[in-house]
Amino acid sequence: MVHLVVGGAGYIGSHLVKKLCDSNENVIVFDNLSSGFKENVDSRAEFVKGDLLNKEDFDQIDGKIDSVFHFAALKAAGESMEQPEKYSENNITGGINLFNFAISKGVKNFVFSSSAAVYGYPKTTPLDEKHDTNPINYYGYTKLTIENILKWYSKLKGINFAALRYFNATGYDVEGKLRGKEINPLNLLPIIMEVASGQREKLFVFGDDYDTSDGTCIRDYIHVDDLSNAHIKALDYIKNNKNLIVNLGTERGYSVLDIIKLASLVVGKDLSYEVVSRRVGDPSELIASSQLALKNLGWKAKQDMNSILKTTWDVYN
Ligand SMILES: NC(=O)c1ccc[n+]([C@@H]2O[C@H](COP(=O)([O-])OP(=O)(O)OC[C@H]3O[C@@H](n4cnc5c(N)ncnc54)[C@H](O)[C@@H]3O)[C@@H](O)[C@H]2O)c1
């Protein structure tokens, strides 16, 4: 099998690329390196530097492709509200260019990195896939738009697709081989690790007056190793002419203060933080129901918070 992994030099995609290469699959990574790193790409994979917005860049991809994993996107929710044009172009136009190219090459199977951001404010917890989709930021809207395009292309062009709605992706390669750190991370775990390693002075906790046990926001943190396994299972599932839209989470929530406490045990020092006011658009609690993934894919998260923190600290230490 030949897999085209678009955005495979990025944080999550590079973990899938390594796993596919470990299973002796043929992998082509297509990435413009806007936030990914060439060093992240497993040496057994072919690397093509290209941008989804330059259609001629696809000409560098030769031969038959069996499946496409589409990770490439801009992902900063706050930025998407200030520069929606950039997100329309990269995430929506880029996705359309990719699907049109791949369909013209006869590709049938597409696995797309969607997000819990498609739901907006949760009305229930845990959140299952039947929950309304009402994104509260433009980033989430771009993800929902691509899901909708995939639904139409499935009807009109006969493709199969899986849209995987990740919750908070965290952790690093359990074998310690992938070590590419994100530049200017916006997520809690890498920011904590930058504080622990002295790269950043302190950590800001956005609000401690939420309706949660300690007043800070609760999120569902899912290890990238578990995400990679889910991608492989999702591809196997859709290959039998099926589509799937599914949450990927652990069904367990941790508050920001829980994570700070647990991280300080792993890094062996107190972590300095300051509570500041709430950010706009942060729900108090976001926890996945992953029952559909269990039912359809036989998938369940295996890595725990300790593994998430240890594998991340191993990279930042
Ligand atoms: N990290 C999370 O917690 C999270 C949660 C939900 C969904 N997602 C989604 O998962 C996917 C991967 O996220 P990540 O955390 O690995 O991000 P990342 O920024 O590390 O990876 C994205 C990769 O895509 C590449 N890319 C971006 N635009 C491109 C373009 N126009 N042409 C070619 N390559 C391009 C980047 O260079 C990068 O290597 C994204 O689609 C993101 O929206 C991530």
Side-chain angles (χ1 to χ4, degrees), residues 4-18 28-41 45 47-58 60-61 68-77 79-80 86-99 101 110-119 135 137-147 162-173 178-191 219-228 230-231 246-250 286 288 308 312:
L4 177 64
V5 184
V6 181
Y11 168 52
I12 306 173
S14 59
H15 285 83
L16 174 72
V17 169
K18 175 171 175 277
I28 304 169
V29 171
F30 181 92
D31 200 299
N32 66 1
L33 301 182
S34 56
S35 60
F37 308 96
K38 178 94 191 301
E39 309 80 73
N40 269 358
V41 178
F47 179 73
V48 173
K49 184 159 188 240
D51 194 313
L52 291 177
L53 298 176
N54 297 333
K55 288 188 196 168
E56 60 278 20
D57 286 353
F58 294 124
Q60 301 171 81
I61 301 168
V68 168
F69 292 94
H70 177 26
F71 290 92
L74 299 172
K75 60 173 185 179
E79 184 189 58
S80 76
K86 199 167 140 187
Y87 280 70
S88 302
E89 282 260 280
N90 205 69
N91 293 8
I92 301 177
T93 309
I96 293 170
N97 288 347
L98 170 65
F99 302 148
F101 157 75
F110 293 79
V111 180
F112 169 58
S113 302
S114 190
S115 166
V118 299
Y119 293 116
N137 52 60
Y138 194 71
Y139 163 71
Y141 171 77
T142 67
K143 292 287 169 187
L144 190 59
T145 302
I146 293 289
E147 287 190 4
L164 306 181
R165 294 176 174 168
Y166 314 158
F167 281 61
N168 290 49
T170 43
Y172 272 84
D173 177 24
L178 290 173
R179 315 188 63 82
K181 294 180 207 160
E182 289 186 81
I183 296 169
N184 299 324
L186 296 168
N187 295 337
L188 179 63
L189 264 290
I191 289 175
R219 295 289 177 271
D220 185 335
Y221 296 91
I222 175 84
H223 197 295
V224 282
D225 189 65
D226 285 317
L227 288 181
S228 298
H231 282 71
V246 75
N247 287 344
L248 295 178
T250 63
L286 263 181
I308 287 173
T312 310

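All ligand and atom numbering here is 1-based and tracks the order in the structure.
Of all the listed residues (G8, S34, P185), S34 holds the heavy atom that lies closest to atom 27 (C) of ligand 1. One option in Y139, F167, Y221 has a heavy atom closer to atom 43 (O) of ligand 1 than any other, and that option is Y139. One option in Y11, F69, F71 has a heavy atom closer to atom 20 (O) of ligand 1 than any other, and that option is Y11. Of the candidates K75, H70, K49, R165, K75 brings a heavy atom nearest to atom 15 (O) of ligand 1. Counting only non-hydrogen atoms, the option in N32, I183, V6, L164 that gets closest to atom 29 (C) of ligand 1 is N32.
Atoms OG1 and CG, from T142 and N137 in turn, are 8.5 Å apart once rounded to the nearest 0.5 Å. Here the CG-NZ distance, from L33 to K49, works out to 5.5 Å after rounding to the nearest 0.5 Å. Rounding to the nearest 0.5 Å gives a distance of 13.0 Å between CG of L52 and CD1 of I92. The distance from the CZ atom of R219 to the CG atom of L286 is 4.5 Å, given to the nearest 0.5 Å. The OG atom of S14 sits 9.5 Å away from the CZ atom of F37 when rounded to the nearest 0.5 Å. Atom CD1 in I308 sits 3.5 Å away from atom OG1 in T170 (nearest 0.5 Å).
You'll find the ring centres of F71 and H15 outside the 6.0 Å limit.
Looking at N91, its side chain does come within 3.5 Å of a backbone N or O of L74 through a donor-acceptor pair.
An N or O contact shorter than 3.5 Å is missing between A72 and ligand 1 by distance. In terms of polar-atom proximity, defined here as any N/O pair under 3.5 Å, G13 makes no such contact with ligand 1. Annotation: L53 places no N or O atom under 3.5 Å from an N or O atom of ligand 1; distance criterion only.
Near K143, meaning under 4.0 Å from one of its heavy atoms, ligand 1 places the atoms 40 (C), 41 (O), 42 (C), 43 (O). Shown in contact with G50 at under 4.0 Å from a heavy atom are these atoms of ligand 1, numbered in order with element: 32 (N), 33 (C). The atoms of ligand 1 that sit less than 4.0 Å from any heavy atom of G36 are 36 (C), 37 (O), 38 (C), 39 (O). For ligand 1, the atoms lying closer than 4.0 Å to a non-hydrogen atom of A9 are 39 (O). Heavy-atom proximity to S113, at under 4.0 Å, picks out these atoms of ligand 1: 9 (C), 10 (O), 11 (C), 41 (O). Below 4.0 Å from some heavy atom of S115 lie the following atoms of ligand 1, by number and element: 6 (C), 7 (C). Within ligand 1, counting atoms from 1 as listed, the ones closer than 4.0 Å to a heavy atom of L33 are 37 (O).
In the model, Y221 has no side-chain atom that pairs as donor or acceptor with a side-chain atom of T250 under 3.5 Å. Side-chain contact, Y139 with E79: no donor N or O sits under 3.5 Å from an acceptor N or O. With hydrogens and angles left out, the side-chain atoms of N32 and S34 include a donor and acceptor closer than 3.5 Å. For the 3.5 Å distance criterion, the side chains of Y11 and N187 fail to qualify, holding no donor opposite an acceptor.
With a 4.0 Å cut-off on non-hydrogen atoms, T170 does not touch ligand 1 at all. Contacts with ligand 1 closer than 4.0 Å are made by no heavy atom of E182, backbone or side chain. Only the backbone of S114 comes within 4.0 Å of ligand 1, judged by heavy-atom distances. With a 4.0 Å heavy-atom cut-off, ligand 1 is reached by the backbone of D31 and by its side chain too.
The single protein non-hydrogen atom nearest to atom 13 (O) of ligand 1 is I12 CD1, 3.8 Å, given as residue, atom name and distance.
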